[in-house]
Amino acid sequence: MNQNQHSNSNDNDPSDEPTAASLNFIEQIVAGDNESGKHEGRVHTRFPPEPNGYLHIGHAKSICLNFGIATANGGKTNLRFDDTNPAKEETEYVDSIMEDVRWLGFQWDNVYFASDYFQQLYDFAEQLIKSGHAYVCSLDAEKTRSYRGGWNEAGKDSPYRSRDPEENLDLFRRMKAGEFTEGEHTLRAKIDMASPNMNMRDPTIYRIRKIKHHRTGSDWCIYPMYDYAHGISDSIERITHSICTLEFEHHRPLYNWFLETLDIFPSRQIEFARLNITHTMMSKRKLLELVQDNQVSGWDDPRMPTICGLRRRGYTPESIRNFCTRIGVTKQNSRHDMAWLEDALRADLNKRANRRAGVLRPLKVVIENYPEDQVEQLDAINNPEDESAGKRKVPFGRELYIERTDFMEDPPKKFFRLGPGREVRLRYGYFITCTDVIKNDAGEVVELRCSYDPETLGGQAPDGRRVRGTIHWVAAATAITAEVRLYDHLFQTTDPFEASPATDTLAEASYLNNLNENSLEVLTNCKLEPSLKDAAVGELYQFERLGYFCVDNKDSSPGNLVFNRSVTLRDTWAKMQRKK
RNA sequence: UACCCCGUAGUGUAAUGGUAACACCUGGGUUUUUGGUACCCAUAUUCUAGGUUCAAAUCCUAGCGGGGUAGCCA
């Protein structure tokens, strides 16, 4: 970064003026509206989750978009729970959603529920009936479907379409009073059964549901449908820009129809492409299936793309927000590489996380020429990217653990680590040379005998000799034993729904066959440096040369530390191995 | 089959009639007491074909390709 400030004096450029970030298409619409004075420059968005599941990274994109646009324009954002279907919605989800939005770093200006508007929505419905724009239909669900027609076939008018307003009003009031059974009647908008847009073929706007609602209890037995409730809720809140995903595109004419017919505040719906990421999926319904099938330990399993899963995995709000701004907003269906998300985390943590030593798969090393009882406290830098993080002391002794993968009995040419007769540097310690390899009866390497060069403390040899490799280590006497959980992609295929011909009969079932069986590896005998003893939930560390790790927020306790690997470091050595 | 939306390096985005840019991935290199970080280099007939224009990724037409839609779900 300094290089820019010291840009050459012969450079004619007066400055490295940062060019204004280009606006995405929604920001352009908002900017245009501000310019034309459409809502006197007012910008008001909303984030409208249905409380029927946990938020995931796809919602994070929407949250960042909605809150981001409001903030950038001095506007406001409401959190609104779209709770019009009592069969699916629960308070548990309401709480988790609020927690996740806050955790991501956003504060809503108002929190509302669509159920707050049930009375008003009902009143508007009576108004539509009176003006002849809605009628009570007594077709059952199956008949309704067949009357709707198909893509090549216009729908037929319901025989109840011509009921007069008085009869409709009476019937509707009796629906509300609970005089009918579920499915006996519905209220439908009277639009156009021949419309090429199915949503305009007299959509249902109220149905009878004799189910307790998580907020209104049994006050109501008729509930409004999404299309009806959503736009009107936007309008009631005077939302200027109602941002939603692409699958609602064909609903926009209906959205507008309600607002125009009722002649209420003209919120505008704008659609963008939902987020997809490789090796995972965003379907709330299928995520719920994974939870119910015990394919994962819960909504907050660190392999899940849920906000709570990512949080438990060690993702920071900053990294997620950063990811969301980097992926952009368009109307193109796309799938982002998981590497982007991981990269966003690494970029954040590289600057903030303190370094520590941890050995995942320990191999004992005895330094034969090191005094039996001697213990030295060596200086280690906490974070080379942040001098203010300071230093710490790390104990060194005659017996150490090193990473099993840092030793090879018969190393290939490019292997810079330990091998028989080879010399490496112990990070912040001495050069050691492997003098002997001890094996068990099965022929497995169980211990290494080494010698050290006392002149090389601090990692430099006075005679100027160099070593290619530097490895991490933990002194055996003072090591903490901990559990470490390693995670990999939940799905082995980039697209979880990709058919896997070997196992699939039904394409629909394929995503279970694409689960990565090795997505979780639990290591129970990891050796960590003693300074990690008091590591607290929420703390993130880089275990040098391995990756970023956080204390698990559920299963870890002071005496029994459990760490999750949030993301590995980039590993060019592993990459070379993989190519072979 | 009808309607709607979308086609720019491998991936994802930018350029809004005027030199196709950035990030990630991948490959190569420099630096390095983390095989990390940082830095440098490499990769495009802008889906195709016509048209408008001095000039088209951008505007028009057609084709092709991808996605979405027929809940009393959201």
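In what follows, chains are A, B, ... by sequence order, proteins preceding strands, each numbered from 1.
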Is there aromatic stacking of Tyr226(A) against rA74(B), centre distance under 5.5 Å, plane angle under 30°?
no
So is the aromatic ring of Trp340(A) stacked onto the base of rU11(B), judging by whether the centres are under 5.5 Å apart and the planes are under 30° apart?
no
Taking only side-chain nitrogens and oxygens of [X], does any of them come within less than 4.0 Å of OP1 or OP2 of [N]?
{"X": "Thr330(A)", "N": "rU13(B)", "answer": "yes"}
{"X": "Ser334(A)", "N": "rU13(B)", "answer": "yes"}
{"X": "Arg145(A)", "N": "rC72(B)", "answer": "no"}
{"X": "Arg285(A)", "N": "rC73(B)", "answer": "no"}
{"X": "Arg207(A)", "N": "rA74(B)", "answer": "yes"}
{"X": "Thr204(A)", "N": "rG71(B)", "answer": "no"}
{"X": "Gln542(A)", "N": "rU37(B)", "answer": "no"}
{"X": "Gln332(A)", "N": "rU13(B)", "answer": "yes"}
{"X": "Thr144(A)", "N": "rG71(B)", "answer": "no"}
{"X": "Lys575(A)", "N": "rU26(B)", "answer": "yes"}
{"X": "Arg570(A)", "N": "rC25(B)", "answer": "yes"}

[X] atom [atom1]: more than 12 heavy-atom contacts under 6.0 Å:
{"X": "Arg465(A)", "atom1": "CZ", "value": "yes"}
{"X": "Lys391(A)", "atom1": "NZ", "value": "no"}
{"X": "Lys143(A)", "atom1": "NZ", "value": "no"}
{"X": "Arg215(A)", "atom1": "CZ", "value": "yes"}
{"X": "Gln377(A)", "atom1": "CD", "value": "yes"}

Taking the [atom1] atom in each of [N] and [M], what is the distance between them to the nearest angstrom?
{"N": "rC4(B)", "M": "rC41(B)", "atom1": "P", "result": "47 Å"}
{"N": "rU48(B)", "M": "rU53(B)", "atom1": "P", "result": "22 Å"}
{"N": "rG12(B)", "M": "rA44(B)", "atom1": "C1'", "result": "15 Å"}
{"N": "rG18(B)", "M": "rA56(B)", "atom1": "P", "result": "11 Å"}
{"N": "rC22(B)", "M": "rA15(B)", "atom1": "P", "result": "14 Å"}
{"N": "rC6(B)", "M": "rU43(B)", "atom1": "P", "result": "32 Å"}
{"N": "rU45(B)", "M": "rU16(B)", "atom1": "C1'", "result": "23 Å"}
{"N": "rA74(B)", "M": "rG10(B)", "atom1": "C1'", "result": "35 Å"}

Take the protein atom [atom1] of [X] and the nucleotide atom [atom2] of [N], then report the distance between them rounded to whole Å.
{"X": "Lys331(A)", "N": "rU16(B)", "atom1": "NZ", "atom2": "C1'", "value": "16 Å"}
{"X": "Arg148(A)", "N": "rC72(B)", "atom1": "CZ", "atom2": "P", "value": "5 Å"}
{"X": "His250(A)", "N": "rC3(B)", "atom1": "NE2", "atom2": "P", "value": "14 Å"}
{"X": "Arg201(A)", "N": "rC3(B)", "atom1": "CZ", "atom2": "P", "value": "12 Å"}
{"X": "Arg468(A)", "N": "rU32(B)", "atom1": "CZ", "atom2": "C1'", "value": "11 Å"}
{"X": "Asn322(A)", "N": "rC24(B)", "atom1": "CG", "atom2": "P", "value": "11 Å"}
{"X": "Ile205(A)", "N": "rC72(B)", "atom1": "CD1", "atom2": "P", "value": "13 Å"}
{"X": "Lys210(A)", "N": "rC72(B)", "atom1": "NZ", "atom2": "P", "value": "19 Å"}

Answer syn or anti for rG71(B), where the cut-off is 90° from 0 on the glycosidic torsion.
syn
Partner nucleotide, any strand, of [N] [Watson-Crick/G-U, under 3.5 Å]:
{"N": "rC22(B)", "answer": "rG12(B)"}
{"N": "rA38(B)", "answer": "rU30(B)"}
{"N": "rU58(B)", "answer": "none"}
{"N": "rC64(B)", "answer": "rG7(B)"}
{"N": "rU69(B)", "answer": "rA2(B)"}

Return the orientation label for the Tyr452(A) and Tyr430(A) ring planes: parallel under 30°, perpendicular over 60°, tilted otherwise.
perpendicular
Of Gly328(A) and Asp83(A), whose closest RNA chain B nucleotide lies nearer the 5' terminus?
Gly328(A)
Val329(A) vs Arg326(A), nearer the 5' end of RNA chain B by closest nucleotide:
Val329(A)
Tell me whether the side-chain N or O atoms of [X] pair up with the base of [N] as donor and acceptor below 3.5 Å, since no angle test is needed here.
{"X": "Asn152(A)", "N": "rU1(B)", "value": "yes"}
{"X": "Glu249(A)", "N": "rU69(B)", "value": "no"}
{"X": "Gln28(A)", "N": "rU16(B)", "value": "yes"}
{"X": "Arg346(A)", "N": "rU37(B)", "value": "no"}

At 4.0 Å (heavy atoms only), tell me whether [X] reaches a base, stays on the sugar-phosphate, or touches nothing.
{"X": "His251(A)", "answer": "base"}
{"X": "Ile327(A)", "answer": "sugar-phosphate"}
{"X": "Phe431(A)", "answer": "nothing"}

Between Tyr160(A) and Tyr135(A), ring centroids under 6.0 Å:
no
With respect to the side chain of Phe248(A), which nucleotide from rA74(B), rG12(B), rU34(B) is positioned closest?
rA74(B)
Give the nucleotide from the list rG35(B), rU69(B), rC72(B) with an atom nearest to the side chain of Ala141(A).
rC72(B)
Atom pair SG/NE2 of Cys244(A) and His230(A) - distance to nearest 0.5 Å:
6.5 Å
Using the rule given for side-chain hydrogen bond (donor to acceptor under 3.5 Å, both in side chains), can you reason through Asn382(A) versus Arg356(A), listing the C-alpha separation, both sets of side-chain angles and the distance that settles it, and then say yes or no?
CA-CA 7 Å; Asn382(A) 280 327; Arg356(A) 291 293 182 267; 2.9 Å; yes
